[in-house]
Structures are given as structure tokens and as C-alpha cells.
Amino acid sequence: MSFETILYEEAEGVATITLNRPDKLNAVTARMLAELKQALARAAANSDIRSLLLTGAGRAFCAGQDLSDRTVSAGSGGARPDLSKSLSEGYNPFILSLIELEMPTICAVNGVAAGAGANMALACDIVLAARSAKFLQAFAKIGLIPDSGGSYFLPRMLGLPRARALAMLAEPISAARAEEWGLIWKAVDDDTILLEATTLARKLAQAPTLGLALTKKAMLASYDNSLAEHLALEAEYQGQAGRSDDYAEGISAFMEKRDPVFRGK
Ligand code: T3D
């Protein structure tokens with residue numbers, strides 16, 4: 001598939017995906033979701049790629065679903081789009097693929113992130129946001145519920161009081177507030193966000209990839225496990241990590257007082 005709505009680039013161990021409909025604030029279409037899934041599969045299939053960076057072209061990160069694809073007549077009798085199908089066939093497989101990707105994912109929120117656009121960003125492992133960016137759970141403004149994992153992750157990240165208010169009031173919060181609340185890693189200056197995010201992605205592309213993949217899986221599983229179940233999972237994953245070449249390299253490098261060279265396996 002050649003890409004029309006995103007840009008995809010591989011360099012220095014990093015796959016960079018740029019949402020690329022800047023005149024529409026990178027609003028999401030079915031085509032974009034298909035391309036995003038294809039891009040994730042491409043990154044996952046290349047063993048030289050060890051981190052992923054997601055960002056947006058132009059002044060926005062992403063305005064969520066392209067609402068011009070959803071014009072319906074109000075009142076009874078008008079045809080209604082099947083949003084359940086849109087989620088189960090479009091958004092949900094993308095969010096799951098993003099979360100389950102076995103490499104660190106970094107999001108550079110370069111501008112406003114609204115609706116599914118906000119929750120796509122928040123599904124990444126490390127989120128940087130430009131100081132001018134805003135996060136908006138826009139769904140209530142159009143009668144919808146937070147999707148793309150919003151109603152799952154927001155209460156866990158923020159606690160119910162803040163999650164409910166963000167969703168029900170649909171008021172934007174600044175990058176600084178998002179950082180203060182622990183929704184993102186940090187807010188950074190607008191003119192350096194891409195540089196900082198790329199530097200971070202390149203650093204993570206040199207990290208012990210298998211260990212990071214197991215770290216992500218363990219943290220996600222902690223949402224559902226009892227302590228006993230989770231300790232057992234940690235033992236299993238630590239066993240896997242301990243058999244990796246990167247662990248052997250980490251120990252050697254420590255003993256030899258040098259920087260480790262991790263190969264990601
Ligand atoms: O449908 C399904 O499959 C279910 C899944 C749903 C997932 C969702 O994401 S639902 C939520 C959809 N998104 C929204 O409701 C957000 C709508 N947009 C906004 O609230 C605002 O545009 C922003 C807060 C994002 C940005 O505001 P601002 O003032 O910076 O820009 P603007 O002037 O509102 O928008 C600039 C242009 O982009 C404008 O077009 P124009 O007038 O210049 O021709 C605007 O219509 C367009 N635009 C912005 N968001 C969308 C959009 N066009 C289509 N779809 C959009 N989501």
C-alpha cells in the first residue's frame with residue numbers, strides 16, 4: 001500500500017509516522033487508519049527498527065475522526081453511520097497494534113490532539129507535547145463517548161474524578177496541565193519538540209528492546225492481575241529478559257565500566 005494520508009520514514013533505528021492531512025488538522029479517515037496499521041506492521045517486520053515516533057504535520061497533531069465523513073440528518077428516519085463497525089474494524093485494531101508493538105513508542109504532540117487523536121497519542125509509551133498543544137476529549141460535544149481506549153486509560157491514568165470531568169465537560173487542557181496531572185511525560189518548547197522526540201526515539205532504538213517490550217506488557221497486565229498473579233508474571237518475564245544477549249551485555253559492560261552496546265535481543 002502506498003501512503004496518501006501519512007508519511008512513513010525509517011532512519012537510525014527509528015520508524016517515524018507523520019499524520020499528513022494538515023489542511024484537515026490531520027483528521028482521521030478510514031484510509032488513514034488502514035495506512036497506520038500498515039505502517040505499524042512495516043515497522044514491526046524490520047528488525048533494524050527498534051523504536052517508533054508518531055507525530056503530525058502542520059499546526060495540529062490530530063483532530064480525531066474526520067467529521068465531514070459523518071454528516072447525518074438529525075431527527076428520525078435519517079441513515080446513521082455504524083460507529084460500532086468503525087471502531088471494531090478501524091480504530092480498535094490500530095490502538096491494539098500500537099499498544100502491543102514490541103518496541104517503545106514515542107508521540108510528539110505538536111499541536112491540538114482531539115477526540116480519537118488525543119487517545120491515539122495517549123496510547124503511546126512516552127508522550128511529549130508542545131507547550132502550545134491542547135488535549136481535548138471532544139466526544140461529548142457531538143454526543144459520543146471517549147473511544148480509542150479513552151474510557152479505559154483515562155480513569156487509570158488520572159483517577160475517576162478528573163477522567164469523568166475531562167470526558168463529560170469536553171474542555172481542553174494544556175500540555176502543562178497534562179504534564180502536571182501525569183497524563184504525559186513532559187511539555188516541551190514548540191520549536192524543539194520534534195528534535196527532542198527524535199533524540200529520545202534514537203536513544204530508545206539503542207536500548208535493550210526485548211526488556212522494554214516485556215516491561216510494557218507487564219505494566220499493561222498489572223491493570224488486571226492480582227499481586228500474586230503479577231509477581232508470577234514478573235518472574236516469567238524476568239526469566240526471559242535474563243536469557244537475552246542484552247542482559248549479558250549489560251552485566252559485562254557494568255563490570256568492565258563501559259557503556260553497553262545493546263542489540264535488542
Ligand atoms: O466516527 C467514528 O468512526 C467514531 C469515532 C470517533 C472518534 C472521534 O475522534 S470523535 C471526535 C471527533 N473530533 C472532534 O469532535 C474535534 C472537532 N474539532 C475541533 O473541536 C476543533 O477543530 C479543534 C479543537 C480540533 C481545533 O480547533 P481550532 O479552533 O484550532 O481549529 P478549527 O477552526 O476548529 O478547525 C480548522 C479546520 O479544520 C476547520 O475547517 P475550515 O473551516 O478551515 O475549512 C475545521 O472544520 C476542520 N476540522 C477540525 N476538526 C475536524 C475538521 N474537519 C473534519 N473533522 C474534524 N474532526
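Because the structure is predicted, anything quoted here is derived from the model rather than measured. Start at 1 and go down the list; that is how both ligands and their atoms are numbered. Basis for what follows: all heavy atoms, side chains included, without hydrogens, waters or symmetry-related copies.
- Among all protein heavy atoms, the one lying closest to atom 56 (C) of ligand 1 is Gln65 O, 3.6 Å.
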Tell me which donor-acceptor pairs under 3.5 Å the side chains of residues 96-103 have, and how far apart each pair is, sequence neighbours excluded?
from: Ser97; atom 1: OG; to: Pro93; atom 2: O; distance (Å): 2.8

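- At a distance under 4.0 Å, a protein heavy atom can be found next to atom 30 (O) of ligand 1.
- Defined by atom type and a distance below 3.5 Å, a donor-acceptor pair is missing between the side-chain atoms of Gln65 and Asp147.
- Between the side chain of Thr192 and the backbone N or O of Leu195, no donor-acceptor pair lies under 3.5 Å.
- Interface atoms of ligand 1 facing Ala116, defined by a heavy-atom separation under 4.0 Å, are 7 (C), 8 (C), 9 (O).
- Side chain of Asn26 to main chain of Ala60: a donor-acceptor pair is present (N/O by atom type, distance under 3.5 Å, no hydrogens or angles).
- For atom 27 (O) of ligand 1, no protein heavy-atom neighbour is found at a distance under 4.0 Å.
- Listed for the Asp246 side chain is a donor-acceptor partner under 3.5 Å among the backbone atoms of Lys265.
- Of the protein's non-hydrogen atoms, Lys24 O, 4.4 Å is the one closest to atom 52 (C) of ligand 1.
- Remark: ligand 1 atoms within the under-4.0 Å shell around heavy atoms of Tyr91 are 3 (O), 5 (C).
- Distance check for atom 46 (O) of ligand 1: every protein heavy atom is found at 4.0 Å or beyond.
- Protein heavy atom in closest approach to atom 19 (C) of ligand 1: Leu136 CD2, 4.9 Å.
- Val109 and Ala121 get closest at one heavy-atom pair: CG2-CB, 3.8 Å.
- No side-chain donor-acceptor contact under 3.5 Å links Glu179 to the backbone of Ile184.
- Remark: minimum distance from atom 3 (O) of ligand 1 to any protein heavy atom is reached at Ser86 OG, 2.4 Å.
- More than 12 non-hydrogen atoms from other residues, nucleotides or ligands lie less than 6.0 angstrom from CH2 of Trp181.
- Remark: the backbone N or O of Thr105 is paired with a side-chain donor or acceptor of Asp125 at under 3.5 angstrom.
- Within 4.0 Å of atom 14 (C) of ligand 1, at least one protein heavy atom is present.
- Among protein heavy atoms, the minimum distance from atom 16 (C) of ligand 1 is reached at Ala63 O, 3.5 Å.
- With respect to atom 32 (P) of ligand 1, the closest heavy atom belonging to the protein is Arg59 NH2, 4.1 Å.
- Shown in contact with Gly64 at under 4.0 Å from a heavy atom are these atoms of ligand 1, numbered in order with element: 9 (O).
- If you check which protein heavy atom lies closest to atom 55 (N) of ligand 1, you get Leu67 N, 2.9 Å.
- In this structure, Arg70 counts as a contact residue of ligand 1, since one of its heavy atoms falls inside 4.0 Å of the ligand.
- For atom 50 (N) of ligand 1, a protein heavy-atom neighbour is found at a distance under 4.0 Å.
- Counted by atom type alone, Arg50 and Thr209 present one or more donor-acceptor pairs between their side chains at under 3.5 Å.
- Each of Leu136 and Ile173 belongs to its own hydrophobic cluster when Ile, Leu, Val, Met, Phe, Trp and Tyr are linked at side-chain heavy-atom distances under 4.5 angstrom.
- Contact annotation for atom 34 (O) of ligand 1: protein absent (non-hydrogen atoms, distance under 4.0 Å).
- Considering Val112, Leu25, Asp147 only, the shortest heavy-atom separation from atom 37 (C) of ligand 1 involves Leu25.
- Within the 4.0 angstrom cut-off, atom 40 (O) of ligand 1 has no protein heavy-atom neighbours.
- Under a 4.0 Å criterion applied to the non-hydrogen atoms of Ala138, ligand 1 contributes the atoms 14 (C), 15 (O), 16 (C).
- Evaluation of the ring-ring contact (aromatic ring centres under 6.0 Å, His included) test over residues 210-229, restricted to residues two or more places apart or in two chains, returns Tyr152-Tyr223.
- In this structure, a donor-acceptor pair under 3.5 Å is absent between the side chains of Thr29 and Asp66.
- Nearest to atom 53 (N) of ligand 1 among the protein's heavy atoms is Asp66 OD1, 4.4 Å.
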